[in-house]
Amino acid sequence: MAKSSTDIMTVWAASCAEGVRRATAWLEASLLAEIEQLPPTTAFGDGYAGILASATSGDLHAASQLLDYTARHWMTGPGEYHLLDEPVRQRERSLWRSTCLLLAAARRGRMDMLARASLERTMSYQHRCGGYFSMDPGQGHGLVEAFTTAWAGRVALRMSWYERARQAALLMTEMLYMQPDPDGRFYFVYDSTNSALVTRWREREPQARFVEYGEVAGETHQMGMVLAFLAEMHLADPGGGWERPLRGYYGLLRKWNAILRRLPSLAMVAEGLVLTAWALPDLWEDVEPRVRDSLEGVVEAQCRTGSLRPWNAGLAEAYDRGFNAMEATGWTAVALAGTAHALTAIASRSL
């Protein structure tokens, strides 16, 4: 790999790390302000990814405070993390919230939060088909459920639940190769009766949601998580047959490139792309300009001005369909941290 590419990756990694630092500082300040309110609010619950970012890259004391508060006010009897009287719509995020908090607790050695009930409850979300489903199927075209499955699969890898991760990866593989749509569109169907993703196209399927290659689909950026998951599967198990679906999903993402550039959040896409290049080095030259597009708002602003725009500016408006600034910033920080780690690994291998 050319030295110039290594230099680019080193600059990007440093800028992503600075982005994580700034985002985490804002998140910690916002979350600590929230815990001063009584009773605890759902705004704090929406900061679950921010707590993971804090445990990963933030201040040790702040992370400890946030985990203590979570354990006292948000850890319920069944082993999930939500307020007992929380509305159903908020509780539907329990899988995402629980996995983020479990990873944060694991990073800080908080065995009290890694209770058996919490681990069992998290694992119980995995359907017999291999997918993880915890969201309202009415939200859309199944991309939400693909993200849930991919994220939970990554958590399974980190928790050494290899068989559960393999089951989730097999479902993602099956989805890719069982799509005989006459028009060639990629689709996601969620079967609310059986709580499963349907991978065979059905004519006049009322719940089918097609992702058009020329139109923005709000959750399209979440496909970056699928790339990240399959890349990590390939890195963990090079002979497991994950290269083919990883290349297949990368090809799909290439078709959506123009769409992705118009979306408000590209950190997940950047992480997925960089992890793909780490797992499949021959793709770097093709991946590099797409990574550049995805990181433009973070890296180029950092290089030009030495600073990043305020992390809470405009995020609430960008996620007006349910995401708030705290949740969006948390996921951005988590994805940028993964991007920085992967870029550093690739650059080190290339020297």
Side-chain angles (χ1 to χ4, degrees), residues 40 42 44-56 63 66-84 86-137 139 142 144-172 190 194-197 222 225-226 228-230 232-233 236 268 327 330-331 334-335 337-338:
T42 55
F44 178 85
D46 282 334
Y48 56 90
I51 296 174
L52 175 57
S54 177
T56 302
L66 294 172
L67 287 171
D68 282 337
Y69 184 84
T70 299
R72 287 198 308 271
H73 295 285
W74 289 79
M75 188 172 179
T76 66
E80 290 183 314
Y81 294 90
H82 58 75
L83 288 175
L84 289 173
E86 197 171 31
V88 172
R89 182 169 178 78
Q90 291 296 124
R91 292 201 303 271
E92 286 168 348
R93 293 181 180 270
S94 288
L95 175 61
W96 290 2
R97 185 183 294 155
S98 294
T99 51
C100 283
L101 293 172
L102 285 175
L103 289 179
R107 284 188 173 276
R108 292 303 181 191
R110 289 293 301 268
M111 301 308 296
D112 58 315
M113 295 182 69
L114 295 173
R116 183 177 181 85
S118 298
L119 300 176
E120 289 178 347
R121 182 61 176 167
T122 300
M123 289 187 290
S124 75
Y125 276 108
Q126 189 171 28
H127 187 266
R128 62 181 178 274
C129 72
Y132 287 84
F133 312 115
S134 67
M135 302 294 288
D136 178 6
Q139 282 206 10
V144 171
E145 305 299 342
F147 172 91
T148 305
T149 296
W151 170 247
R154 298 181 73 187
V155 170
L157 280 175
R158 285 158 175 73
M159 293 288 186
S160 300
W161 303 335
Y162 297 117
E163 180 56 27
R164 290 183 174 275
R166 190 185 72 86
Q167 291 172 12
L170 285 173
L171 175 66
M172 302 312 301
Y190 185 77
N194 297 313
S195 297
L197 284 167
Q222 295 182 350
M225 189 65 74
V226 176
F229 173 41
L230 290 172
E232 289 184 344
M233 286 294 296
M268 291 176 197
E327 182 177 1
W331 280 115
V334 169

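Heavy-atom basis, side chains included; hydrogens, waters and symmetry copies ignored. The model shown is predicted, which means the values in this text are computed figures rather than measured ones.
Closest approach of Leu230 and Ala169 over heavy atoms only: CD2-CB, 4.2 Å. Of all heavy-atom pairs spanning Ala49 and Cys100, the tightest one is CA-SG, 4.0 Å. Residues Ser94 and His82 approach most closely at OG-CD2, 3.3 Å, considering heavy atoms. The shortest heavy-atom contact between Leu171 and Cys129 is CB-O, 3.7 Å.
Atom CZ of residue Phe147 and atom CE of residue Met225 lie 4.0 Å apart, to the nearest 0.5 angstrom. The distance from the CG atom of Asp46 to the CZ atom of Arg97 is 6.5 Å, given to the nearest 0.5 Å. We find the CD1-OG1 distance between Ile51 and Thr56 to be 11.5 Å, quoted to the nearest 0.5 Å. Rounding to the nearest 0.5 Å places CG of Leu52 at 12.0 Å from CG of Leu66. The distance from the OH atom of Tyr81 to the OG1 atom of Thr76 is 9.0 Å, given to the nearest 0.5 Å. The line from CZ of Phe44 to CH2 of Trp74 is 7.5 Å long, rounded to the nearest 0.5 Å.
The ring-ring contact (aromatic ring centres under 6.0 Å, His included) test applied to His73 returns Tyr69, not counting sequence neighbours. For the salt bridge (Lys or Arg N to Asp or Glu O under 4.0 Å) test, residues two or more places apart in sequence or in another chain that qualify with Arg116 are Glu120. Taking the salt bridge (Lys or Arg N to Asp or Glu O under 4.0 Å) definition, one finds that Arg121 meets it with Glu80, sequence neighbours left out. Shown here are the side chain to side chain contact (heavy atoms under 4.5 Å, CB included) partners of Ala71, two or more places apart in sequence or in another chain: Arg110, Asp112, Met113. Every side chain to side chain contact (heavy atoms under 4.5 Å, CB included) that Ala168 has, sequence neighbours left out, goes to Gln126, Tyr132, Thr149, Phe229.
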CA sep, side-chain torsions, deciding dist, call: Leu114, Met159, side-chain contact (heavy atoms from CB on, under 4.5 Å): CA-CA 11 Å; Leu114 295 173; Met159 293 288 186; 4.3 Å; yes
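In this structure, Thr122 contributes its side chain and Ser118 its backbone to a donor-acceptor pair below 3.5 Å. Under a 3.5 Å cut-off, the side chain of Thr99 and the backbone N or O of Trp96 do form a donor-acceptor pair.
Applying the salt bridge (charged side-chain N to carboxylate O under 4.0 Å, His left out) rule to pairs touching residues 149-159 yields Arg154-Glu232, Arg154-Glu271, Arg158-Glu232, sequence neighbours excluded.
With contacts defined as side-chain heavy-atom distances shorter than 4.5 Å, the pair Thr70/Leu101 qualifies.
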